[in-house]
Amino acid sequence: DVKVTQSSRYLVKRTGEKVFLECVQDMDHENMFWYRQDPGLGLRLIYFSYDVKMKEKGDIPEGYSVSREKKERFSLILESASTNQTSMYLCASSWGTRGRDTQYFGPGTRLTVL
Amino acid sequence: AQSVTQLGSHVSVSEGALVLLRCNYSSSVPPYLFWYVQYPNQGLQLLLKYTSAATLVKGINGFEAEFKKSETSFHLTKPSAHMSDAAEYFCAHHGGGATNKLIFGTGTLLAVQP
């Protein structure tokens with residue numbers, strides 16, 4: 001079974017702090033994704049990566065950056081956390097670049113910024 | 001722009017009743033369509049997907065969905081609801097191009113009444 005793990009289930013940070021969210025997948029997947037999930041808005045793509053050190057902006061990249069130094073690990077960075085970044089963050093991975101490939105999700109990190 | 005519309009943010013059914021969750025997509029390219037389920041405090045799990053094979057797709061837990069090109073729909077059904085089906089359901093569509101991006105609907109929260 002594919003396993004996608006996220007470093008924390010719950011995280012509380014203060015405004016202005018630098019925040020790192022880590023995601024690891026164990027299936028040698030090419031693609032990795034970061035989404036944020038907010039009530040009534042569904043999932044919105046922040047960034048994705050299709051290879052080591054490669055990244056592309058999603059629909060809402062402002063205020064976020066990412067890092068992918070190793071194939072299995074994809075990090076989401078909030079350089080200076082703000083209260084409007086309080087949300088559920090979901091990481092996903094998938095095998096190839098075909099549209100039919102399933103994305104596998106981690107359990108999510110619920111981030112609260114005070 | 002491509003989009004996914006889920007009609008009804010909240011659906012309530014009685015245990016044993018038919019479940020029908022609606023999803024419409026807009027796309028000018030052959031679609032790859034997905035239904036994911038999210039149980040409380042968990043990540044998303046794939047229920048089923050359409051990849052241009054049979055138009056009636058069977059998934060896990062007794063769910064199925066029918067692709068109707070003429071209606072641009074991919075509605076999710078289950079003949080008899082169970083209490084354990086209470087969850088949030090997301091329809092998703094491949095975002096097109098050479099990447100594996102998905103466009104998600106805003107979700108439908110299914111409640112099952114005893």
Side-chain angles (χ1 to χ4, degrees), chain A residues 1-10 21 23-25 27 29-51 54-61 74 88-110, chain B residues 1-10 21 23-25 27-54 57 59-60 67 74 87-109:
Chain A
D1 277 354
V2 175
K3 192 164 187 182
V4 180
T5 57
Q6 296 184 229
S7 51
S8 304
R9 292 300 303 274
Y10 299 93
L21 303 183
C23 175
V24 178
Q25 51 94 1
M27 283 300 293
H29 281 171
E30 305 281 334
N31 304 303
M32 297 188 74
F33 306 82
W34 275 107
Y35 296 90
R36 67 177 279 176
Q37 181 182 10
D38 300 289
L41 297 178
L43 276 74
R44 294 178 291 168
L45 182 64
I46 304 172
Y47 267 98
F48 69 99
S49 168
Y50 51 90
D51 201 352
M54 306 301 289
K55 61 186 179 184
E56 280 197 26
K57 293 179 180 179
D59 300 317
I60 52 165
F74 192 35
M88 170 72 92
Y89 290 88
L90 292 167
C91 175
S93 70
S94 70
W95 175 248
T97 56
R98 299 175 305 172
R100 68 184 67 188
D101 292 325
T102 299
Q103 289 190 18
Y104 296 87
F105 284 80
T109 295
R110 188 167 294 281
Chain B
Q2 294 172 357
S3 64
V4 174
T5 302
Q6 291 184 240
L7 292 176
S9 58
H10 291 79
L21 304 182
C23 174
N24 288 89
Y25 68 94
S27 173
S28 59
V29 298
Y32 298 123
L33 294 157
F34 304 78
W35 274 101
Y36 282 87
V37 60
Q38 185 180 34
Y39 298 104
N41 297 316
Q42 295 187 25
L44 275 68
Q45 177 183 357
L46 181 71
L47 268 181
L48 49 82
K49 64 180 179 180
Y50 170 75
T51 59
S52 304
V57 182
I60 61 172
F67 170 68
F74 190 55
E88 191 158 21
Y89 293 80
F90 292 93
C91 182
H93 172 235
H94 175 231
T99 67
N100 195 217
K101 290 169 59 176
L102 289 179
I103 298 170
F104 283 85
T106 53
T108 297
L109 189 62

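First the proteins, then the strands, lettered A, B, ... as listed; each starts at 1. All of these numbers come straight from a predicted model, not from anything done at the bench.
In this structure, the side chain of A/Tyr104 does not engage the main chain of B/Leu46 through any donor-acceptor pair within 3.5 Å. When atom types are taken as modelled, the side chain of A/Arg110 and the backbone of B/Asn41 share no donor-acceptor pair closer than 3.5 angstrom.
Of the two parts of A/Tyr10, only the side chain, counted from C-beta on, holds a non-hydrogen atom closer than 4.5 Å to a non-hydrogen atom of chain B. With a threshold of 4.5 angstrom between heavy atoms, B/Gln38 approaches chain A through side-chain atoms but not through N, CA, C or O.
Residues A/Gln37 and B/Phe90 come closest through the heavy atom pair NE2-CZ, 3.3 Å. Heavy atoms only, all atoms of each residue included: B/Tyr36 and A/Gln103 are closest at OH-O, 2.9 Å.
Annotation: side chain of A/Leu90 is in contact with side chain of B/Leu44 (closest heavy-atom distance under 4.5 Å). A/Phe105 places none of its side-chain heavy atoms less than 4.5 Å from the side chain of B/Gln45.
Interatomic distance, CG of A/Leu43 versus CG of B/Leu102, reported as 9.5 Å (0.5 Å rounding). Between atom NE2 of residue B/His94 and atom CG of residue A/Asp101 there is a gap of 8.5 Å, rounded to the nearest 0.5 Å. A distance of 10.5 Å separates CG of B/Leu48 from OG1 of A/Thr102, quoted to the nearest 0.5 Å. B/Ile103 CD1 to A/Leu45 CG: the interatomic distance, rounded to the nearest 0.5 Å, is 9.5 Å.
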